[in-house]
Amino acid sequence: ALVAAEALLGRLGAVRADGLTDAGRRMLSLPLHPRLGRLVVEAETRGVGRLGALVAALLSERDVRTRGGGVGPSGPSDLSELAERVRALGRGQRAAALGLEQGAASRVQRAAEQIGRRVQDRAPPPRSHADEEQAIGLAILAAFPDRVARRRAPRGRELVLSEGGTATLAEDSVVTEAELLVAADVEERTGPGLRAARIVRLASAVEPEWLLEVEGGTNETEALSWNDRTGRVERVKRLAYGAVVLEERWTAAPASPEASRLLADAARARGPSAFDLEEAEAALARVALVAEHHPDAEILDPGCASDALLVACAGITTLAELAALPPAERVVAALAASARALVEREAPARVTLPGGRAVRVRYVRGQAPSVESRLQDFFGMKDGPRILGGRVPLVLHLLAPNGRAVQVTQDLAGFWARHYPALLRELGRRYPRHAWPEDPLSAPPRR
């Protein structure tokens with residue numbers, strides 16, 4: 001509680017590291033809560049000290065309005081509107097006609113008179129009613145700098161509070177149009193089976209430029225964010241007062257690792273039907289295999305070496321750019337030219353068998369690369385194809401005429417010697433129209 005109290009005094013401008021401020025010393029001379037003392041001090045500096053005393057008295061007393069006292073015309077401040085009613089009471093109008101409870105209004109009048117005797121206006125009075133409204137509005141903001149709120153929707157009652165959380169503006173508030181306001185009187189309401197709700201009973205409008213005068217109130221931030229409407233990563237510059245955003249500007253973001261991550265997350269959220277992520281993973285496995293055998297080439301950024309989509313999003317910021325090339329192609333295209341040439345040479349997407357058939361090499365992380373083709377395509381071959389300069393033999397999926405693998409091996413010579421003789425008789429019976437030579441090593445591959 002002590003820490004919170006000291007923080008509030010600092011926010012009110014009453015204290016600093018070396019002790020009391022001038023405003024703090026003046027507040028100390030007033031028999032009021034520091035918030036209300038700050039309101040009166042600020043009102044004095046703007047030439048509306050007596051009105052500030054009346055508003056402080058209103059806030060120190062329970063609600064002076066009668067039940068069903070009616071809502072005044074739309075205006076900038078509930079407190080100004082109530083102050084005008086109490087002034088009218090002092091001019092001889094009846095409390096009931098003004099929607100005021102006589103006893104409570106009388107206590108407010110006495111308190112305002114007591115505070116008013118201590119007021120020392122330090123500026124000439126405002127020249128117009130509008131100037132007076134602005135002066136008292138600024139004084140209320142000075143007293144409640146931590147209670148600024150913004151409507152979620154124009155003329156709506158739901159508010160977002162600068163200190164976090166939400167509240168609801170009371171139905172009888174006259175502040176019906178202002179986008180920004182100060183929640184001067186907030187009531188916590190609970191009920192059986194209901195969550196606690198904050199109701200703003202008394203509010204006062206705030207102009208955005210007023211917040212710029214509050215010391216330490218506003219802050220400017222710049223960040224990257226995904227814009228689902230435009231389908232791109234954008235740079236967002238925000239001017240905010242606590243949790244209340246005052247101004248926001250979105251512009252196209254330059255390519256960067258952070259932009260790539262945001263684009264990859266957005267693409268992944270669209271699901272595998274939008275982008276062929278399986279093909280992208282295969283492409284990354286191909287690149288990673290080359291990187292493993294050529295560690296000095298620095299082919300992959302370690303920060304994204306495990307995420308194919310992140311590699312595919314390197315250097316771009318929009319879904320349109322990502323869709324322009326299949327992610328599998330973009331994984332390779334995202335590499336530097338020298339690295340791309342190395343991958344194409346050392347780990348080709350396809351290899352050509354002696355019979356002329358070009359077969360696709362299948363790359364999977366954690367597994368040896370493989371190809372599959374009909375068994376007849378390997379006739380005449382003692383050894384299967386290799387990649388990475390002959391260092392890595394491909395796993396061969398040898399297919400029967402029905403497209404099913406009869407053997408998976410890296411040892412083609414061993415297959416011909418140990419397994420083919422038995423398969424020769426079985427496959428010859430099942431597929432008599434296909435060639436099944438006794439000596440596959442001397443037979444040419446069949447198309």
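- The pair R286-E281 does not count as a salt bridge, with every side-chain nitrogen at least 4.0 angstrom from each carboxylate oxygen.
- S29 is linked by a side-chain hydrogen bond (donor to acceptor under 3.5 Å, both in side chains) to R26, counting only residues two or more places apart in sequence or in another chain.
- In this structure, the side-chain contact (heavy atoms from CB on, under 4.5 Å) partners of S260, at least two apart in sequence or on a different chain, are L310, C313.
- If you run side chain to side chain contact (heavy atoms under 4.5 Å, CB included) between L211 and each of T218, V244, L239, only T218 comes through.
- By the neighbour-count criterion of 12 heavy atoms within 6.0 Å, atom CD of E298 is sparsely surrounded, having that number or fewer from other residues, nucleotides or ligands.
- Contacts of A105 classified as side-chain contact (heavy atoms from CB on, under 4.5 Å), with partners at least two apart in sequence or in another chain: L89, L100.
- Here R62 does not pair with D185 in a salt bridge; the nearest charged N to carboxylate O distance is not below 4.0 Å.
- The side-chain contact (heavy atoms from CB on, under 4.5 Å) search around R155 returns T176, E177, not counting sequence neighbours.
- Salt bridge absent: D131 and R46 never bring a charged side-chain N and a carboxylate O closer than 4.0 Å.
- With sequence neighbours excluded, no residue forms a salt bridge (Lys or Arg N to Asp or Glu O under 4.0 Å) with D296.
- The existence of a salt bridge linking E222 and R249 is excluded, since no basic side-chain nitrogen approaches an acidic carboxylate oxygen closer than 4.0 Å.
- Taking the salt bridge (Lys or Arg N to Asp or Glu O under 4.0 Å) definition, one finds that R362 meets it with nothing, sequence neighbours left out.
- Using a distance-only test at 3.5 Å, with no hydrogens or angles considered, no donor-acceptor pair links the side chain of T318 to the main chain of G231.
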